[in-house]
Amino acid sequence: MIKFLDLQKINAEYEEKFKVEFQQFLDTGCYILGNGVEQFETNFAEYCGAKHCVGVGNGLDALTLIFKGYIEVGKLKEGDEVIVPANTYIASILSVLHAGLTPVFVEPDRNTYNISIEEIEKHISPKTKAILVVHLYGQLADMDAINSLASLNDLLVIEDAAQAHGAINSKGIKAGNLSDAAGFSFYPSKNLGALGDAGAVVTNDSELANCISALRNYGGLQKYVNGYVGYNSRMDELQAMFLNVKLPNLERDNERRRSVARRYLSEINNSKIKLPFYDGSDNHVFHVFVVVVENRDHFSEYLDDSGIGWLIHYPTPPHRQKALINFCNLSLPLTDQIHQKVISIPMSPVMEDKEVSRVIDILNAY
C-alpha cells in the first residue's frame, strides 16, 4: 500500500530533535507565548521576506484575525464585500463571515483552478473593499495582475497561503509577501506541518501586526490590559518549537515535491486522466497533486484495489454546504464541475522513487 501521505515517515527524521525541544519546553516552565513562539515568528517572517509574523492558533484564525484587525484599524467595516474564490476549502469563506464581512464568490481560472482575474474584475462593486486570494494546491495565483487590479480600485489583498509555504514568484518573492497580509496554516499535513494545530499571520503592516498580536491574546499586549474585544488564539509554544526544527528543511522538501510532480507530469500518459497545469517554475510547491477524471467513483475504487492512497480536495464546494445555505442558489458551474471530478494522488517529500514509479504505472494502466 502506498499511503496518500505518510506523516510518521515525514516526521521520523526529527524525532530526536523533537525530544530535545520537548525537554527544553518542560525545563523552561514557560508554556504560553514563550521564546519558542517568538523565535518562530522571527524565523518565519525572515523566511517569507516580510517584516512581521504573528503566531496564532490555526489557519482559519489567521485569516479571521486579519479581517478583524483591518476592521479595528479602520480599513474595513462590517458588511464590506470581500471577493473570494468559489473553488476553495470552506475555511477561506468562514474567515470572511466570522469577521462580519460579505463574501462575493467568483469562478476560477480554467487552467490553474485559482481565482480568475477576469472574474474578479466582473464582480468589483462600490461595496468591494478586499480580495481574498487562495494559492490552491500550492500554486501561486496571478498576484501581479491581482495586485494591479486592486491598486486601481483601492482594495486590500489578503493571501490564504495555507497550502503554499515557500512558493516563489518570478521575481523571487515568496507566498506571504505578495499582498497586504497573509494567513498560513501549519496543520500536520501542510508542507510545513506542526504536530497539531498552528497558524500565523505574515505582513509588512506594523499597525496590523500589533493589532493582531493583541487580538490573539484577549485583546491586549499587556496582561490584564485589554484594548480590543479579543480572542484566545495563541500559537502553542511546543508547536512553535517543533516548527523551528522543521523550517530549515522546507526548501529541500518543496524541491522533492516538485521532483515527484515532474515525474508524474512527464510519465503519466492516459487520456482518461487530466493532469494539472504547471509552468515548471518555483511558483508551485505541490501541497497536493490533483488530477481530473470523468468517473471519480470508478477511479477511486481502482486506486483502492491497486493499493494507492487518495483524497479529494474537495468533494463539496463551499456554496453547496449546509453551513452556507444562503449561497446555495449561486450559479458557479465551473466550480461545481471541478469539485465533482478532482482527486488527489500520493504526493510527499518522503516518497521513494519506486513508489512514484508504482503510482505512475497504476495510473497509466487505468
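In what follows, residues are counted from 1 in the order of the sequence shown. Worth knowing before you read on, the calculation uses all heavy atoms, side chains too, and leaves out hydrogens, waters and symmetry mates.
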Distance-only criterion, 3.5 Å: show the donor-acceptor pairs between side-chain atoms of residues 357-366 and protein atoms not counting sequence neighbours.
from : atom 1 : to   : atom 2 : distance (Å)
S357 : OG     : R263 : NH1    : 3.3
S357 : OG     : R263 : NH2    : 2.9
S357 : OG     : D353 : O      : 3.1
N364 : OD1    : N269 : N      : 2.6
N364 : ND2    : E267 : O      : 3.0
N364 : ND2    : I360 : O      : 3.4
Y366 : OH     : H298 : ND1    : 2.9

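In summary, the aromatic rings of Y231 and Y218 are positioned with their centroids too far apart to meet the 6.0 Å limit. Between Y137 and H313, the gap from one ring centroid to the other reaches at least 6.0 Å. When ring centroids are compared, F186 and F44 come within the 6.0 Å threshold.
In this structure a side-chain-to-backbone donor-acceptor pair under 3.5 Å is missing from R216 to V54. For E237 (side chain) and G36 (main-chain N/O), a donor-acceptor pair under 3.5 Å exists by modelled atom type. In terms of modelled atom types and a separation under 3.5 Å, the side chain of D305 and the main chain of Y302 share no donor-acceptor contact. In this structure a side-chain-to-backbone donor-acceptor pair under 3.5 Å is missing from D80 to T128. Under a 3.5 Å cut-off, the side chain of H135 and the backbone N or O of A141 do form a donor-acceptor pair. Although no hydrogens or angles enter the test, the distance criterion places a donor-acceptor pair under 3.5 Å between the side chain of S300 and the main chain of R296. Under a 3.5 Å cut-off, the side chain of S233 and the backbone N or O of G57 do form a donor-acceptor pair. R234 places no side-chain N or O within 3.5 Å of a backbone atom of G55 that could act as its donor or acceptor partner. In this structure a side-chain-to-backbone donor-acceptor pair under 3.5 Å is missing from K272 to V293. Put simply, the side chain of Q163 never gets that close to the backbone of L136: no donor and acceptor are under 3.5 Å apart.
Pairs of residues two or more places apart, or lying in two chains, that qualify as side-chain hydrogen bond (donor to acceptor under 3.5 Å, both in side chains) and include a residue from residues 174-183 are E159-S179, N177-N204. Screening residues 321-348 for ring-ring contact (aromatic ring centres under 6.0 Å, His included), with sequence neighbours left out, gives F105-F327. Residues in residues 62-92 take part in these ring-ring contact (aromatic ring centres under 6.0 Å, His included) pairs, two or more places apart or across chains: Y89-Y314. For residues 113-132, no residue pair satisfies the ring-ring contact (aromatic ring centres under 6.0 Å, His included) rule, not counting sequence neighbours.
Side-chain contact, N191 with N254: a donor N or O sits under 3.5 Å from an acceptor N or O. Inspection of the N210 and H52 side chains reveals no N or O donor paired with an N or O acceptor under 3.5 Å. Residues Y47 and E251 have side chains that bring a donor and an acceptor to within less than 3.5 angstrom of each other. At a cut-off of 3.5 Å, with distance as the only test, no side-chain donor of T335 or N87 sits close to an acceptor on the other residue. Side-chain contact, D27 with Q23: a donor N or O sits under 3.5 Å from an acceptor N or O. For the 3.5 Å distance criterion, the side chains of N11 and E15 fail to qualify, holding no donor opposite an acceptor.
Checked against side chain to side chain donor-acceptor pair (under 3.5 Å), S213 has no partners two or more places apart in sequence or in another chain. In terms of the salt bridge (charged side-chain N to carboxylate O under 4.0 Å, His left out) criterion, residue partners of K122 (sequence neighbours excluded) are, by chain and number, E119. Every residue was checked against the side chain to side chain donor-acceptor pair (under 3.5 Å) condition with N295, not counting sequence neighbours, and none meets it.
Looking at S344 and F289, their side chains never come closer than 4.5 Å, going by heavy atoms from C-beta outward. Here the side chains of P349 and I10 are in contact, with some heavy-atom distance below 4.5 Å. Between Y264 and M347, some side-chain heavy-atom pair lies under the 4.5 Å cut-off. No side-chain heavy atom of S348 sits less than 4.5 Å from a side-chain heavy atom of L7. Residues S306 and L303 form no side-chain contact, since every pair of their non-hydrogen atoms from C-beta on lies 4.5 Å or further apart. You'll find the side chain of L132 reaches within 4.5 Å of the side chain of L63, heavy atoms only. Within the 4.5 Å cutoff, no side-chain heavy atoms of V82 are placed close to those of K129. No side-chain heavy atom of V202 sits under 4.5 Å from any side-chain heavy atom of K51.
Of all heavy-atom pairs spanning C211 and V73, the tightest one is CB-CG1, 4.1 Å. For L208 against A181, the heavy-atom pair with the smallest separation is CD2-CB, 3.7 Å. Taking each heavy atom of E355 and V350 in turn, the nearest pair found is OE1-O, 4.1 Å. Nearest heavy-atom pair, P103 versus L97, reported as atom, atom and distance to 0.1 Å: CD-CD2, 3.6 Å. Taking all atoms of both residues into account, the shortest heavy-atom contact from Q239 to A198 is CB-CB, 4.4 Å. Residue A200 comes nearest to V56 through the heavy atom pair N-CG2, 3.7 Å, listed as atom of the first residue, atom of the second, then distance.
Grouped with V106 in one hydrophobic cluster are I83, V104, I115, I117, I120, I124, I131, V133, L140, M143, I146, L149, L155, V157, I173, L178, the linkage being side-chain heavy-atom contacts under 4.5 Å among Ile, Leu, Val, Met, Phe, Trp and Tyr residues. Cluster partners of I168 are absent, since no Ile, Leu, Val, Met, Phe, Trp or Tyr has side-chain heavy atoms less than 4.5 Å from it. In this structure, I325 shares a hydrophobic cluster with no other residue, the cluster being traced through Ile, Leu, Val, Met, Phe, Trp and Tyr side chains under 4.5 angstrom apart. Side-chain contacts under 4.5 Å among hydrophobic residues (ILVMFWY), followed directly or transitively, place L221 with no other residue at all.
The structure places CD of E294 at 10.0 Å from CD of Q340, a figure rounded to the nearest 0.5 Å. To the nearest 0.5 Å, atom CD1 of residue I343 and atom CG of residue L311 are 8.5 Å apart.
No more than 12 heavy atoms of other residues, nucleotides or ligands shown are found within 6.0 angstrom of CG on N329. Heavy atoms from other residues, nucleotides or ligands lying under 6.0 Å from CZ of R252 number more than 12. When the shell of 6.0 Å around CD of E121 is examined, it contains 12 or fewer heavy atoms from other residues, nucleotides or ligands. Taking a 6.0 Å sphere around NZ of K9, one finds it holds more than 12 heavy atoms contributed by other residues, nucleotides or ligands.
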Requested in this report: Could you please spell out the steps behind the side chain to side chain donor-acceptor pair (under 3.5 Å) verdict for N114 and D142?
Outcome: CA-CA 8 Å; N114 273 325; D142 187 353; over 6 Å; no
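Between E78 and K127 there is no salt bridge, since none of the side-chain N atoms of the basic residue sits less than 4.0 Å from a carboxylate O of the acidic one. Looking at K75 and D205, a side-chain N of the basic residue comes within less than 4.0 Å of a carboxylate O on the acidic one, giving a salt bridge.
No single ILVMFWY cluster, assembled from side-chain heavy atoms under 4.5 Å apart, contains both F4 and Y187. By the rule that hydrophobic residues join a cluster once side-chain heavy atoms approach within less than 4.5 Å of another member, M235 and L215 end up as members of separate clusters. Connection of L5 to L250 is not established within any shared hydrophobic cluster, with ILVMFWY side chains joined at heavy-atom distances below 4.5 Å, either directly or through further cluster members.
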